[in-house]
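Here the structure comes first, spelled out in structure tokens, and everything after it is commentary.
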Amino acid sequence: MNHDLIAGTELLAKGRLVRLATRPGDRIECWSGCLWLTQDGDLRDVILEAGEGFVADRPGGAIVHALRDARYLLLSPS
């Protein structure tokens with residue numbers, strides 16, 4: 001288990017949302033709970049359950065909303 005990754009997760013309480021400055025290739029991983037997300041200019045709605053992830057495929061950022069208390073991690077390629 002990678003404790004550095006776990007320490008880097010962010011908590012998002014049910015009903016709260018956050019805007020993430022994502023770039024194509026960035027990955028949003030849901031570690032617990034349930035998240036809804038959408039990217040700027042994208043009509044898709046993405047639902048992530050614990051253990052699932054999404055790779056951003058457009059510039060401009062993403063909005064993430066917690067459908068249940070959740071922990072997430074934003075990973076950028078090196």
Side-chain angles (χ1 to χ4, degrees):
M1 181 178 296
N2 188 325
H3 294 285
D4 290 335
L5 284 179
I6 295 169
T9 62
E10 298 287 336
L11 177 61
L12 194 60
K14 179 181 177 180
R16 302 297 304 253
L17 64 89
V18 64
R19 180 170 176 70
L20 301 177
T22 57
R23 297 172 299 181
D26 287 353
R27 182 175 175 82
I28 301 165
E29 293 192 358
C30 180
W31 283 59
S32 66
C34 184
L35 299 170
W36 166 88
L37 71 91
T38 190
Q39 299 177 96
D40 286 349
D42 192 348
L43 298 178
R44 294 176 292 175
D45 292 316
V46 177
I47 304 293
L48 297 178
E49 298 280 347
E52 297 178 332
F54 174 79
V55 177
D57 57 6
R58 19 176 100 224
I63 295 174
V64 178
H65 180 266
L67 299 175
R68 293 191 303 267
D69 287 349
R71 282 201 166 277
Y72 71 92
L73 184 64
L74 176 61
L75 300 168
S76 295
S78 44

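Scored by the side chain to side chain contact (heavy atoms under 4.5 Å, CB included) test, Leu17 finds Ile63, His65 as partners (sequence neighbours excluded). Remark: Asp69 pairs with no residue by the salt bridge (charged side-chain N to carboxylate O under 4.0 Å, His left out) rule, at least two apart or across chains. Listed by chain and number, the residues in a side chain to side chain donor-acceptor pair (under 3.5 Å) with Glu52 amount to none (sequence neighbours excluded). With sequence neighbours excluded, the residues that form a side chain to side chain donor-acceptor pair (under 3.5 Å) with Arg19 are Asp40.
When the shell of 6.0 Å around CZ of Arg16 is examined, it contains 12 or fewer heavy atoms from other residues, nucleotides or ligands.
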**Study point:** Residues Leu35, Phe54; criterion side chain to side chain contact (heavy atoms under 4.5 Å, CB included); working and verdict
**Key:** CA-CA 11 Å; Leu35 299 170; Phe54 174 79; over 6 Å; no
Practice item. Could you walk me through whether Tyr72 and Leu48 pass the side chain to side chain contact (heavy atoms under 4.5 Å, CB included) test, one step at a time? Key: CA-CA 10 Å; Tyr72 71 92; Leu48 297 178; over 6 Å; no
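In the hydrophobic clustering of ILVMFWY residues, with side-chain heavy atoms under 4.5 Å counting as a link, Trp31 and Val18 come out apart. In terms of hydrophobic clustering, with Ile, Leu, Val, Met, Phe, Trp and Tyr side chains grouped at heavy-atom distances under 4.5 Å, Leu12 and Leu74 are assigned to a common cluster.
In this structure, Thr38 contributes its side chain and Arg44 its backbone to a donor-acceptor pair below 3.5 Å.
Gln39 is listed as a side-chain neighbour of Asp57, based on a closest heavy-atom distance under 4.5 Å.
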Between side-chain atoms of residues 21-28 and protein atoms elsewhere (two or more places apart, or another chain), which donor-acceptor pairs fall under 3.5 Å?
from, atom 1, to, atom 2, distance (Å)
Asp26, OD1, Ser76, OG, 3.1
Asp26, OD2, Arg23, N, 2.9
Arg27, NE, Glu29, OE2, 2.9

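Closest approach of Ala70 to Cys34, counting heavy atoms only: CB-N, 4.0 Å. Contact between Ala66 and Ala13 at its shortest, heavy atoms only, is CB-O, 3.3 Å. When all heavy atoms of Arg58 and Gly41 are compared, the pair lying nearest together is NH1-O, 2.9 Å.
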